[in-house]
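Sequence lines set the chain letters: A, B, ... in the order given, protein chains first and strands last, and positions in each chain run from 1. Basis for what follows: all heavy atoms, side chains included, without hydrogens, waters or symmetry-related copies.
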Amino acid sequence: MKIGVVTFPGSLDDHDSQRAIRLAGGKAVSLWHADADLHGVDAVVLPGGFSYGDYLRAGAIARFAPVMDKLVPAAQGGLPVLGICNGFQVLCESHLLPGALIRNDHRKFICTDQRLRVENDSTAWTGDFESGQEILIALKNGEGGYVADEATLDALEGEGRVAFRYLGANPNGSYRDIAGITNERGNVVGLMPHPEHCVESGFGPSTDGLAFFTSVLHSLVDA
Amino acid sequence: MGHVVIDVMLKPEILDPQGQAVAGALPRLGFGDFTDVRQGKRFVLAVDGPVTDTVLAQAREAADTLLSNPVIEDVVSVHALESDA
Amino acid sequence: MGHVVIDVMLKPEILDPQGQAVAGALPRLGFGDFTDVRQGKRFVLAVDGPVTDTVLAQAREAADTLLSNPVIEDVVSVHALESDA
Amino acid sequence: MTDNIIQAPSTEGVDTVGRAAESPDVVQPWAQLGLKEEEYARIREILGRRPTSAELAMYSVMWSEHCSYKSSKVHLRRFGDLPAETPIGKQLAGIGENAGVVDIGQGWAVTFKIESHNHPSYIEPHQGAATGVGGIVRDIMAMGARPIAVMDPLRFGALDHPDTLRVLPGVVAGIGGYGNCLGLPNIGGEVVFDECYQGNPLVNALCVGALRHEDLHLAKATGVGNKVVLFGAKTGGDGIGGVSVLASETFDSAGPTKRPSVQVGDPFAEKVLIECCLDLYRAGVVEGIQDLGGAGLSCATSELASAGDGGMTIELDTVPLRDASLRPEEILMSESQERMMAVVAPDQLEEFLAITDRWDVEATVLGEVTDGTHLLISWHGETIVDVPPRSVAHDGPVYERPMQRPAYLDALQADSALGLTRPSTPAELREQLLQVLASPNICDKSWITDQYDRYVRGNTSLAMPDDAGVVRVDESTGLGVALSTDCNARFAQLDPYAGAQLALAEAYRNVATTGALPVAVSDCLNFGSPEDAGVMWQFSQAVDGIVDGCRAFGVPVTGGNVSFYNQTGATAIHPTPVLSVLGVLEDVARRTPSGWSTGGLYLFQLGA
Ligand SMILES: Nc1ncnc2c1ncn2[C@@H]1O[C@H](COP(=O)(O)OP(=O)(O)O)[C@@H](O)[C@H]1O
């Protein structure tokens, strides 16, 4: 199973995502922002970082990269896509996921070991979790406040599309403690915390992140 | 050489942490008259030559597609910089 | 209720990485006419009642002390929001 | 809106070498540029004529305390007496290079260095601190390494002083903003509050990088005909407030626009530059490389040429500019960030440019290495610099400053803690303990460190709050390094020799307790004015302390930085020799954290 990881100028966690994929038993394929070709991968990770410096709005410029011209229709057609942190921001800017991410309410960057609750275990990236399960995942962002209008938030809740919720104090002002969401079909998932930093014991706060990557491999095998 | 100014503000219903921080600081510095603050972005785009209607139309399109995110922001104005005139 | 608008831009001689990122993206999106972009801040301050000269003077002082960093930024304008009028 | 392009560049009014030879009596503003009368006389002697204004600019900045180490050199030489060996291998590059490099086994090497950005961080805390991180990271890149972690020893005035409220948040946001955006985990540092830093905070930054032995690159321009390439950001007027005096002299008609003395960092540009450099190294298309930091092109061209075969020509008018009104003197001095200079063989130039292109990094051939002995810089065809590069870069003035043990020391040392009342009841003891724990110097620092990414790259094994940071270098074996920086300046104030040794010993212990073998030292010596005999005595004592300590431990000093003139008015800061120690772990999985997480364990105290 080949999982592509896109590198944009300013991507930081692309190598970490590739490592996580390898540790989960997949084959990691590096995809280049300027190359409008998905090279036949079975799933894609949009990694964390500061694409184009995130100077305009996080993910705003990356959304227009040539590789996205191929990725957006593929995701709409069911290709599993995981957006982590900056990747989540790119997915929102591309309208593959609703809402937006704004500056943290306390206006500072935050790096912390964050407890989350898995709210939906039926997406392509969460099948190896149980709904209601608590996990510990590294969180690090400056613009991680999830916002959307009330109607969108109600729809997300109603359709079970909130994938992860923050437990304990809300770290960034996200509406309704939302840490991650999924699209209707469950193939596109975005979240602010970083599962790729939680895949090896001794590095990062837990190994809870590995299940994201084993989940997608299992879902691909089952498909 | 001409310039187009594009002003983008967060939608009124979206939380504005930076504006709030300013609003909180003003009274502490003795500026007690201001009841609310919102912080937005101002872009100044330069063109060779004058700001024609075509240039303005391009700027408006750039404002809507790249410079603002309609989910959270409004483009409140797109206009030629007066001091150029 | 009135509003004062304060525009703050980086001084022209100061590097503006944000503006550069936008300037780099525009041609890729087909907006080829723009030769340079600078990105600044726009503050909208609300007051109860009209924007009097005293309010404007206060806003100007706030702009110089709190809202801009005189080492790298210029306050380019402080004015009442027209749409209130 | 003001238009920052004033006029097309021209040679009108430019001070050429020919003109300088013909007009020996022109009065030059050497004093305003910080040169002493003897120094100016020496420049005239070296050149056999008066310098052109461009040459004067180069000498003045390269002979400054900051770049020439003129007051510290005689003392720093004592570091050279230490064996250039570590307990496990060779020192592959040492003092004199951009950063020291040590062998850590299995074909791997690491390079690390600590530097100060104190004064810029006081003027503009956010940008000053950010560009401090940017600068030290480029030093590490220039050695051929991938930067893998940063640390930030910080010192501020009193926590409740209003100016600390201005400086601290900006410094922390600047370090975090730049380092986080570069994707470098912050694995440690210090935060100290003391009134002595009130008008002069200390912002030191450390970067560590890893490389294979064969990837080591040095800053020298060799190979006649090789191209000199400038790449990265465009050159603007950053940080050249001071030399504008020259530009306005030579071109007083229109006068330069306002020149900022503040440099603004663009971490995104630097991140791209890192990846681009690593691709260039992988492709084997770099003969020599140098980062552009303080003194910009003046420093890069003269140091590359001086360390190489000696000859180089540069066409200064080909430098890509952000501000077209910059005069040649200003271009030479500009401290615009995120730029590098490489020496490239002509047959590899195409491949070099293809790589910079892929990363959207602007690259320009400025000139080439020649078989001559001089550095020749031209501006639109006119020669404006013709100097022996060594005289600029390496043969600057050296001072033996007067030293004297400060008179106040006797009283200070006599005033011992024995005179203080001791707690006599459990309640008093409790009260004192709580007071100590609540001190901002002792209490939890996560309010600062949580603003730094410690996880990026996925190799961080220990970071805050551990005594030393530990990062993995090689995933296949677990080979990694541990680093700690330390200094208690109050000890150094009492006794600079012992204080420096205590700082060294503390950093050494912090590294050792992780299970790492300490192998090398880099230091950042923050002191007051070298023109004060008491400060110079402190400095010399601290160096002696470090040298003797390192000899006892069997570790070399592989590099570092000196920051003088840290004072408010006539009052110097406490001498603050920040010592960083690097250790090696064969497998970071076996490192020992500082805390414990389960109950029922025994506690032992070891040592005296
Ligand atoms: N305190 C110090 N201890 C050891 N070496 C030092 C110290 N200060 C400076 N050096 C070394 O002196 C050399 C000259 O420094 P240089 O690279 O010119 O400084 P900078 O990086 O500030 O331009 C460098 O190799 C540096 O490591």
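- The minimum heavy-atom distance between B:L15 and A:I102, with the atom names listed, is O-CD1, 3.4 Å.
- Side chains of A:R57 and B:K41 form a contact here, defined as non-hydrogen atoms less than 4.5 Å apart.
- Only the backbone of A:N104 comes within less than 4.5 Å of a heavy atom of chain B; no side-chain atom from C-beta onward does.
- B:L66 touches chain A through backbone and side chain together, each having a heavy atom under 4.5 Å away.
- When heavy atoms are compared at a cutoff of 4.5 Å, B:E13 approaches chain A solely by way of its backbone atoms N, CA, C and O.
- The environment of CG in A:D69 is crowded: more than 12 heavy-atom neighbours from other residues, nucleotides or ligands sit within 6.0 Å.
- The candidate with the highest count of non-hydrogen atom pairs below 4.5 Å against chain B, out of A:G173, A:A100, A:A60, is A:A100.
- Neither the backbone nor the side chain of B:Q20 comes within contact range of chain A, judged by heavy atoms closer than 4.5 Å.
- Interface remark: of the candidates B:I14, B:V8, B:D16, B:N69, B:N69 forms the most heavy-atom pairs closer than 4.5 Å to chain A.
- The shortest heavy-atom contact between B:T65 and A:R63 is O-NH1, 3.7 Å.
- In this structure, A:R107 and B:P17 approach most closely via the heavy-atom pair CD-O, 3.4 Å.
- Heavy-atom pairs under 4.5 Å with chain B peak, among A:D105, A:V147, A:T152, at A:D105.
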